[in-house]
Amino acid sequence: MGAGNRMTSSAASTSAGKKKQVPPSAPSSLPGELRVSSTFPTERVLAVWCPDWPVLAAGGEPGVASAVIEKGRIFVCTPAARAAGVRRGQRLRDAQARCPWLRLYPRDPMRDNRLFEAVVACVAEVVADPEVVYPGLLVAPARGAARYHGGELPLTRIIIERVTGRLGYPVRCGISDGFFSAVQAAYSGRIVPVGESAAFLAELPVSRLGDGGAAVLTRLGLRTLGDFAALPRNVVASRWGEQLALAHDLASGKPARFFPAAKGMSAVTVERDLDPPIDRVDGASFVARSLAEELHGMLRRRGLGCTRVVVEARAEDGAVRSRVWRSVDARVLSVAAMVDRVRWQVAGWLESGELRSGLVWLRLVADETVLDAGRQLSLWGERGGEGDRRSRISQVLSRLEGMLGPDGVLVGVLGGGRDPISRVRWLPWNSGIEGKSPDFADPWPGSLPSPSPSTVWDPPRRAVVSTAAGEVVRVDGRLRLSGSPQWFSFEGESFPVTAWAGPWPFDERWWDAGSARRGVRLQLVTADGMAWLVSSRNGGWVAEGRYD
Amino acid sequence: MFDTRSVVPTASAVAPLPDDVHRGDLLTAVSPAGFPLSSSLAGLFPGGELRRGSVLCVANSTFLTIALLAAVSRHGGWCAEVGVPLVGTAAAAELGVELERFVRLPRAGDRWPEVTAALLEGFDLVVVHPPGRTATTGRTATTLRRLAARARERSAIVMITGEWGEAAVRLTVRSRWWSGPGRGEGYVCRGEFDVVARGRGVVGFTAATRWRIAEHPIVSNGDRLQQAILRVGEAS
């Protein structure tokens with residue numbers, strides 16, 4: 001979700017999970033050397049689901065056998081109709097044969113959304129920032145609201161009371177870790193305790209993955225999400241590609257690899273001033289479609305897909321409305337999905353009287369983007385373009401990820417830090433990070449001046465810095481040197497030191513006994529013209545880098 | 001205490017403006033056949049550019065490796081690195097490598113030939129650190145020849161850190177000097193490298209140059225561009 005401060009990392013659990021997936025044949029030349037940052041967000045998510053929403057929106061009642069039809073088939077039906085043998089996707093004639101008294105309504109997504117606005121508004125009084133997945137289902141961060149209302153169970157009770165009491169619609173709530181799991185929990189009206197989402201999901205049938213691979217898995221005899229999650233991710237990724245690998249992440253209860261809009265990463269935005277103002281639904285639909293297509297085109301040219309889009313509108317009287325739509329199953333919003341959502345939203349505002357005057361301004365913001373590699377290749381054009389390039393590279397890298405394990409393909413990102421090792425964070429490729437790394441020009445007092453060493457050893461390697469008399473240079477409690485460095489020994493070779501700079505003291509992470517480090521750094525120039533970066537450690541010295 | 005960017009450097013540490021690493025590239029257009037190099041390195045390569053479809057080797061200098069990575073990266077190219085030790089990430093960023101287009105595969109181990117071959121399908125430049133101090137003879141040489149053929153076919157560049165007699169251009173740093181530090185004061189801020197290039201070809205060629213690295217003000221890319229433009233303006 002949008003804000004980074006809602007993101008908590010579960011370093012221990014995620015990295016432990018990743019370690020297991022490294023195939024045994026992978027050379028362990030770097031065990032634990034590169035610490036892959038576990039920045040996948042895990043968060044408590046509330047999902048609110050109105051069962052059979054299109055029927056309710058059309059005016060049907062749960063106790064009466066009624067159904068919404070689309071193209072001659074049953075789209076959704078009520079429990080009473082199900083009891084009589086009516087099923088989703090059934091042909092209308094068959095349904096009527098089983099249940100002659102079935103009340104029928106035509107499908108109308110605009111109406112579904114217009115009436116769902118009231119539910120969203122009702123939920124928004126209890127939790128901040130609800131995001132609509134489709135009319136009938138919304139998600140929201142649960143942590144803050146649950147704390148305020150005295151727990152997750154009271155929170156769901158309050159929402160059910162409000163929606164049912166005020167609006168009269170039946171509703172189910174679910175809370176779990178991550179979007180996918182929360183939505184599954186809402187379908188069965190459960191609260192899944194922290195950390196148990198994997199166990200909860202394992203029992204569910206693979207059909208819950210929707211069209212994202214359920215058919216393939218069923219043919220293979222995999223019936224539950226647990227069966228699917230038991231396969232190694234590498235195997236899934238190399239056999240079926242990135243799409244099913246994402247489904248695998250969902251099934252195993254991993255939070256999808258969303259990255260919230262990080263610092264320095266700009267959201268993709270399109271906006272339009274509307275003159276004359278638009279107050280009719282058909283006109284609004286037209287503008288919504290062209291804006292959504294424009295946004296999608298901009299994303300595609302950058303090789304991005306979007307999992308969350310914000311629709312904002314301003315009316316003539318100055319009233320401003322905004323609504324967030326998101327995709328919960330890690331799939332990016334296709335152009336059709338985006339067009340639909342924007343149209344429904346704009347029409348919903350106009351028809352429900354939320355906005356009383358015409359629209360004068362409309363804006364779409366794709367504020368949660370992921371590298372959309374190889375998922376949305378356009379049929380024409382774009383060959384050789386940056387998007388095509390990214391997708392080719394992504395195909396290559398997913399294959400290599402399958403071969404070398406998830407930690408095998410990394411991207412280094414520079415953050416704050418004083419020395420060349422702590423400045424670098426390693427992220428798995430495809431962690432969704434996009435755009436510039438955080439601005440490393442931010443002042444970081446005591447950081448090494450550039451140029452930085454070209455070779456960096458992580459972890460540092462043993463070395464000896466000694467005085468002319470051959471004694472190891474010591475660092476006292478005030479971080480002063482016992483003598484001037486004259487000799488530098490490294491990997492069996494000794495070099496006379498011709499010049500040196502420092503000592504530069506560091507005292508880092510003193511609040512954490514495990515990782516606290518205190519000492520000094522030196523830069524040495526040896527007689528062969530090479531420069532080195534060394535630091536004191538446990539009474540001795542280590543080489544951190546070489547300027548070679 | 002040692003955020004020296006705000007401190008006036010000592011006399012020995014006064015560095016001239018960075019060499020033409022930035023300036024040269026702004027003035028040269030990218031040709032489809034290769035990536036243009038800054039003028040001090042251009043002399044080392046036939047045609048003055050990093051030619052696509054070729055194999056290079058850099059024997060003993062990581063900074064040189066990074067400078068060539070930067071030449072590709074700053075023109076929008078995608079780079080990958082196979083094996084260890086990985087080049088310094090901070091140094092790479094400072095010399096102009098775009099980190100989000102620079103993918104690292106430290107765990108390739110003995111499978112480096114397959115990994116490199118796969119990477120050549122999409123990347124412009126693949127830096128390979130063959131594991132151990134493998135003599136580039138026998139099987140390794142055969143492998144490298146296969147990779148060279150694939151690089152030619154894919155119009156990508158393979159850069160091997162080590163020696164390989166059959167590379168199109170072999171770079172070696174004959175000597176280097178770092179200056180800046182004294183007896184405790186100053187800091188490592190300026191390096192000079194004597195680089196020798198040996199080429200293969202009908203006649204073969206040899207070239208040498210003095211290549212300098214100086215302290216760069218750490219700036220974001222936009223600023224860097226602007227500074228470079230300013231500098232070009234001053235020069236003309």
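Fair warning: this is a prediction, and the values are worked out from it, not measured in the lab.
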For a side-chain contact (heavy atoms from CB on, under 4.5 Å) check, start with the C-alpha distance between R423(A) and T89(B), then their side-chain angles and the critical distance, and finish with the verdict. CA-CA 9 Å; R423(A) 283 183 66 190; T89(B) 308; over 6 Å; no
Considering non-hydrogen atoms only, spot the tightest contact between A501(A) and G186(B) and give its length. CB-O, 3.2 Å
Proximity breakdown for L105(B) and chain A, heavy-atom pairs closer than 4.5 Å: both
What closest approach, in Å, do L404(A) and R111(B) show between heavy atoms, and which atom pair accounts for it? CD2-NH2, 4.0 Å
Of all the heavy-atom pairs spanning P451(A) and W178(B), show the shortest one and how long it is. CG-CZ3, 4.1 Å
For V525(A), is it the side chain, the backbone, both or neither that has a heavy atom under 4.5 Å from a heavy atom of chain B? side chain
Could you check V409(A) against V103(B) for side-chain contact (heavy atoms from CB on, under 4.5 Å), going step by step and ending with a plain yes or no? CA-CA 7 Å; V409(A) 183; V103(B) 178; 3.4 Å; yes
Using the side chain to side chain donor-acceptor pair (under 3.5 Å) criterion, which residues pair with R170(B)? Sequence neighbours excluded. none
Which pair of non-hydrogen atoms, one from G122(B) and one from V396(A), has the smallest distance, and what is that distance? N-CG2, 4.4 Å
Strictly distance-based, threshold 3.5 Å: is any side-chain N or O of Q523(A) a donor or acceptor partner for the main-chain N or O of P181(B)? no
The test is side-chain contact (heavy atoms from CB on, under 4.5 Å); show your working for L414(A) and L99(B) and say whether it passes. CA-CA 9 Å; L414(A) 282 186; L99(B) 294 183; 3.9 Å; yes
Take L410(A) and R107(B) through the side-chain contact (heavy atoms from CB on, under 4.5 Å) test and state the conclusion after the steps. CA-CA 10 Å; L410(A) 303 174; R107(B) 289 178 187 274; over 6 Å; no
How close do Y187(B) and W504(A) get, counting heavy atoms only, and between which atoms? CB-CH2, 3.7 Å
Give, as side chain, backbone, both or neither, the part of F102(B) having an atom under 4.5 angstrom from any heavy atom of chain A. backbone
Enter the distance from W426(A):CH2 to L86(B):CG here, rounded to the nearest 0.5 Å. 4.5 Å
Check A118(B) against L400(A) and note the closest heavy-atom contact, atom names and distance. CB-CD2, 3.9 Å
Please classify the contact of S175(B) with chain A as side chain, backbone, both or neither, using a heavy-atom distance under 4.5 Å. neither
So how far is it from S454(A) OG to I213(B) CD1, rounded to the nearest 0.5 Å? 7.0 Å
Output every pair passing salt bridge (Lys or Arg N to Asp or Glu O under 4.0 Å) with a member in residues 120-129 of chain B, not counting sequence neighbours, ordered by first then second residue. R389(A)-D124(B), R52(B)-D124(B), E121(B)-R150(B), E121(B)-R154(B)
Please look at L397(A) and chain B and tell me whether the side chain, the backbone, both or neither of the residue comes under 4.5 angstrom of a heavy atom of that chain. side chain
With a 4.5 angstrom heavy-atom cut-off, is it the side chain or the backbone of T498(A) that approaches chain B, or both, or neither? backbone
Is it true that D548(A) and S61(B) share a donor-acceptor pair across their side chains at a distance under 3.5 Å? no
